[in-house]
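Order of listing sets the numbers, starting from 1, for every ligand and every atom in it.
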Amino acid sequence: LATALVPLGVAGAALWAQAEGIGLLQQFALPSWLTVLIAWLLLDAAIYGQHRLMHRFGWLWRWHRVHHTDTELDASSALRFHPGELLLSVAYKMAVVVLLGAPPLAVLLFEALLAFAALFNHANWALRPKADRWLRHLLVTPDMHRVHHSTVRDETDSNFGNVLSVWDRLFRSYRDAPRDGQLAMRIGQDEDREPQAQRLRALLMQPLRRDARM
Ligand SMILES: [Zn+2]
């Protein structure tokens, strides 16, 4: 339910910014397709930034850690977020959309593509190496994003991108592959591997708990 409500909140912010004529992109008389494209690119960059912040600060990591607790990565991992993180995320995205003056169409396209990309890049799917390398020039692939779900800290703190792979390359957080290889790498969090740690109640209570990296 929370996942479905996020796009509505963000689209609402875009409609409001458009009606009020506020935000950076509303100040220029650019063709509408160009405004949509620029807004879409900047939104993807902003989400990359948000993801880095979730890893950078302990109080944010505690919410985001729930997403990283999954020990088996597949498309369902794309839906495993603490509702608190989704609330933080919707507030952040609404602020970005208003600051940018992102058109509602750009926001809807962005949210739809983001949801699809999340299912794709969390998928338990081994693309052919050639196809993976080719796609990775532009997009985040499952093999690329899997590195981010490693139990090894410096691997977890890499490959933050969601749709485009360019932000990780540009801001030097790109990592080609996990040290132990795609098949042998450990996924999840070392301290949350027991079945009790995977129960709904334990996951919801997780933000109350500190961990070794804070
Ligand atoms: Zn993460």
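- Between H51 and H145, the angle of the ring planes lies from 30° to 60°, which puts this pair in the tilted group.
- For the residue pair R62 and Q206, no side-chain donor N or O sits within less than 3.5 Å of a side-chain acceptor on the partner.
- Aromatic pair Y48/F171: centroids less than 6.0 angstrom apart.
- Counting only protein atoms, the N, O or S atoms lying less than 2.8 Å from the Zn ion (ligand 1) are H51 NE2, H55 NE2, H64 NE2, H68 NE2, H148 NE2, ordered by chain and residue number.
- Aromatic ring centres of F120 and W125 lie closer together than 6.0 Å.
- The backbone N or O of M54 lies less than 3.5 Å from no partner atom in the side chain of H64, so there is not a single donor-acceptor pair.
- Note: H55 and H148 have tilted aromatic rings, judged against thresholds of 30 and 60 degrees for the angle between ring planes.
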